[in-house]
Student: 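My structure is below; once you've seen it, I'll send some questions.
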Amino acid sequence: MTGRSTDANKAFTLDTDRVAVFDLDGTLVDSVDGIAVAINRLLRAKKALPLQREEASALLGHGLDAFAKAACESRGVTLTDDELWRFHHDYLSNPLIGTKLYPRVPATLSLLAQKGWRLAVCTNKSEAPAIAILNGLAIFDYFDVICCGDTVEQQKPHPGHLSETLQRGGFRHLPAVMIGDHAVDVAAASASGMASVFAGWGYGHTEPAFRPSAVASSFGDLPGILESLIPARSRSLA
């Protein structure tokens with residue numbers, strides 16, 4: 001899905017030559033509390049202990065289906081197709097519950113756009129909740145394209161997900177950086193020959209085989225780090 005309304009475009013630099021691609025959960029937004037509420041309702045119905053926030057956080061990164069299956073496996077219970085559907089319906093009925101932006105997200109996205117970065121989202125989350133969250137938290141219009149897990153054949157860590165994101169935005173010819181909090185983000189970038197920034201404020205962890213190009217401690221650190229990875233080209237303005 002493409003983002004940025006016509007009015008929003010007017011505030012952005014048009015002569016741009018680099019792309020910042022963001023993961024969603026654990027990178028742009030902290031959504032674990034809302035997801036945990038939905039899965040814990042399911043677990044309680046199955047007479048299983050609910051997940052703590054830290055447990056739920058550790059299971060995120062591969063999409064909602066994988067999360068629900070891993071949560072049930074961690075409690076020694078099986079997950080039926082009907083229960084998976086009910087979990088999805090429960091969470092998707094209001095994905096904004098328990099979801100908030102990380103500090104300095106809007107200000108940093110605005111600064112990056114002003115500095116000539118085109119912005120994209122590449123997430124394993126399905127499109128309906130992703131769009132609802134981006135709109136509900138008023139950051140949808142910062143992004144040129146949002147490429148979600150249920151709209152591609154293969155999700156991160158497969159590099160095809162990143163390639164499709166850039167293709168949909170018309171950015172295949174531009175240098176890009178992937179920003180994410182999980183090993184799947186770093187792995188996808190590595191397989192694509194793309195630089196990556198690990199979001200140290202998020203849920204995930206890196207793996208020895210996939211080392212990010214840089215690590216950021218907070219969202220507000222990104223402009224300087226991204227500039228060091230892909231410096232702006234010098235060009236005269238007419």
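FYI, the numbering just counts along the sequence from 1.
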Student: Taking all atoms of both residues into account, what is the closest heavy-atom pair of Leu51 and Ser74, and its distance?
Tutor: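 So the minimum-distance heavy-atom pair works out to CD2-OG, 3.7 Å.
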
Student: Measure from the side-chain N and O atoms of Asp181 to the backbone N and O of Gly204, and report whether any donor-acceptor pair falls under 3.5 Å.
Tutor: yes

Student: With no hydrogens and no angle check, is any side-chain donor or acceptor of Lys46 less than 3.5 Å from a backbone partner on Thr78?
Tutor: yes

Student: Crowded around Arg104 CZ? As in, over 12 foreign heavy atoms under 6.0 Å?
Tutor: no

Student: Work out which heavy atom in Phe87 is nearest to a heavy atom in Ile35; give both atom names and the distance.
Tutor: CE1-O, 4.1 Å

Student: Looking at every heavy atom in both Leu229 and Ala195, which two are closest together, and how far apart are they?
Tutor: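 Here Leu229 and Ala195 meet closest at CD1-CB, 4.4 Å.
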
Student: Go through Arg172 and Glu164 one step at a time and tell me if the salt bridge (charged side-chain N to carboxylate O under 4.0 Å, His left out) criterion holds.
Tutor: CA-CA 9 Å; Arg172 288 295 297 273; Glu164 183 64 20; over 6 Å; no

Student: Please answer whether the main-chain N or O of Val105 pairs with a side-chain N or O of Thr108 as donor and acceptor at a distance below 3.5 Å.
Tutor: no

Student: Mind checking the CE-OG spacing from Met178 to Ser213? Nearest 0.5 Å is all I need.
Tutor: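 Atom-to-atom, Met178:CE and Ser213:OG are 12.0 Å apart.
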
Student: With Lys156, which of Thr123, Asp185, Asn124 fulfils side-chain hydrogen bond (donor to acceptor under 3.5 Å, both in side chains)?
Tutor: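 Option passing the side-chain hydrogen bond (donor to acceptor under 3.5 Å, both in side chains) with Lys156: Asp185.
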
Student: Regarding Lys69 and Glu83, does a basic nitrogen lie under 4.0 Å from an acidic carboxylate oxygen?
Tutor: no

Student: Can you name the nearest heavy-atom pair linking Leu119 to Leu109, along with the distance?
Tutor: CD1-O, 3.7 Å

Student: Kindly say whether Leu60 contributes a backbone atom to a donor-acceptor pair with the side chain of His182 at under 3.5 angstrom?
Tutor: yes

Student: Testing Leu79, Val77, Leu49 one by one against Leu43 for a side-chain contact (heavy atoms from CB on, under 4.5 Å), which residue passes?
Tutor: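 The single option meeting the side-chain contact (heavy atoms from CB on, under 4.5 Å) with Leu43 is Val77.
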
Student: Show the numbers, then the answer: is there a side chain to side chain contact (heavy atoms under 4.5 Å, CB included) between Phe67 and Asp65?
Tutor: CA-CA 5 Å; Phe67 170 81; Asp65 282 10; over 6 Å; no

Student: Out of curiosity, does Leu92 fall in the hydrophobic cluster containing Leu42 (side-chain heavy atoms, cut-off under 4.5 Å, transitive links)?
Tutor: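 Leu42 clusters together with Leu92.
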
Student: Specify the closest pair of heavy atoms between Gly34 and Tyr91, including all atoms of both residues, with the distance to one decimal.
Tutor: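 Closest approach of Gly34 to Tyr91, heavy atoms only: O-CD1, 4.0 Å.
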
Student: If Ile, Leu, Val, Met, Phe, Trp and Tyr residues are connected whenever their side-chain heavy atoms lie under 4.5 Å apart, and connections chain through other members, are Val37 and Ile39 in the same group?
Tutor: no

Student: Can Asp150 and Lys125 be counted as an ion pair, charged N to O under 4.0 angstrom?
Tutor: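 Not counted as a salt bridge, because no side-chain N and carboxylate O are separated by less than 4.0 Å.
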
Student: Is it true that Glu227 and Arg18 make a salt bridge, defined as a side-chain N closer than 4.0 Å to a carboxylate O?
Tutor: yes

Student: Applying the 4.5 Å side-chain criterion to the ILVMFWY set and letting contacts propagate, would Val184 and Trp201 be lumped into a single cluster?
Tutor: no

Student: If you measure from CH2 on Trp117 to CG on Asp17, what distance do you get to the nearest 0.5 Å?
Tutor: 8.5 Å

Student: Over all heavy atoms of both residues, which pair between Leu101 and Pro106 is shortest? Give the atoms and the distance, please.
Tutor: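 Here Leu101 and Pro106 meet closest at CD1-CG, 3.8 Å.
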
Student: May I ask you to check whether Phe22 and Phe219 place their ring centres under 6.0 Å from each other?
Tutor: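 So the answer is yes for these two rings.
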
Student: To the nearest 0.5 Å, what is the distance between CZ (Phe171) and CG (Leu166)?
Tutor: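 Going from the CZ atom of Phe171 to the CG atom of Leu166 covers 8.0 Å.
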
Student: Could you check Asp25 against Val29 for side chain to side chain contact (heavy atoms under 4.5 Å, CB included), going step by step and ending with a plain yes or no?
Tutor: CA-CA 5 Å; Asp25 299 288; Val29 302; 4.0 Å; yes

Student: Under 3.5 Å, is there a donor-acceptor pair between the Gln114 and Ser110 side chains?
Tutor: yes

Student: Is there a side chain to side chain contact (heavy atoms under 4.5 Å, CB included) between Asp23 and Leu28? Walk through the geometry before answering.
Tutor: CA-CA 7 Å; Asp23 177 44; Leu28 290 165; over 6 Å; no

Student: Please assess Leu64 against His88 for the test side chain to side chain contact (heavy atoms under 4.5 Å, CB included), listing each intermediate value before the final yes or no.
Tutor: CA-CA 8 Å; Leu64 287 178; His88 272 275; 3.6 Å; yes

Student: Test of understanding: clusters of I, L, V, M, F, W, Y form through side-chain heavy atoms closer than 4.5 Å, transitively. Do Ile225 and Phe210 belong to the same one?
Tutor: no

Student: Would you say Val21 and Val152 are hydrophobically clustered, going by side-chain heavy atoms of ILVMFWY under 4.5 Å?
Tutor: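 Not linked; separate clusters.
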
Student: So, the side chain of Glu127 versus the backbone of Cys148: is there a donor-acceptor pair under 3.5 Å, distance only?
Tutor: no

Student: Whether the side chain of Thr151 engages the backbone of Cys147 through a donor-acceptor N/O pair (distance < 3.5 Å, no angle test) should be reported.
Tutor: no

Student: Could you check whether any side-chain heavy atom of Arg75 comes within less than 4.5 Å of a side-chain heavy atom of Glu55, counting everything from C-beta outward?
Tutor: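 Of all side-chain heavy-atom pairs linking Glu55 with Arg75, at least one is under 4.5 Å.
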
Student: Between the main-chain N or O of Val145 and the side-chain N or O of Arg168, is there a donor-acceptor pair closer than 3.5 Å?
Tutor: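 Not a single qualifying donor-acceptor pair exists.
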
Student: If only atom types and distance count, is the side chain of Tyr203 paired as donor or acceptor with the main-chain N or O of Val32 below 3.5 Å?
Tutor: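 Yes.
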
Student: Can you list everything that forms a salt bridge (charged side-chain N to carboxylate O under 4.0 Å, His left out) with Glu73? Sequence neighbours excluded, please.
Tutor: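 Result, salt bridge (charged side-chain N to carboxylate O under 4.0 Å, His left out) vs Glu73: none returned.
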
Student: With rounding to the nearest 0.5 angstrom, report the OG to CD1 distance, Ser31 to Ile97.
Tutor: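 Rounded to the nearest 0.5 Å, the OG-CD1 separation comes out at 13.0 Å.
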
Student: Nearest 0.5 Å, please: how far is CZ in Arg118 from CG in Leu174?
Tutor: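 Leu174 atom CG to Arg118 atom CZ measures 8.5 Å (nearest 0.5 Å).
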
Student: Asp90 versus Arg41: any side-chain heavy-atom pair under 4.5 Å?
Tutor: yes

Student: To the closest 0.5 Å, what do you measure between SG (Cys122) and CD1 (Ile179)?
Tutor: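 Rounded to the nearest 0.5 Å, the SG-CD1 separation comes out at 11.0 Å.
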
Student: Counting distance only, does the side-chain N/O of Thr27 pair as donor-acceptor with the main-chain N or O of Leu24 below 3.5 Å?
Tutor: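 The answer is no, because no donor-acceptor pair under 3.5 Å joins these two groups.
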
Student: Would you call Arg86 and Asp82 a salt bridge, using N to O less than 4.0 angstrom?
Tutor: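 Looking at Arg86 and Asp82, the cut-off is met.
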
Student: Quick check against the 3.5 Å criterion: does Asn135 have a side-chain atom that pairs as donor or acceptor with the backbone of Ala132?
Tutor: no

Student: Just checking, is any N or O donor in the side chain of Ser190 or Arg211 under 3.5 Å from an acceptor N or O on the other one?
Tutor: no

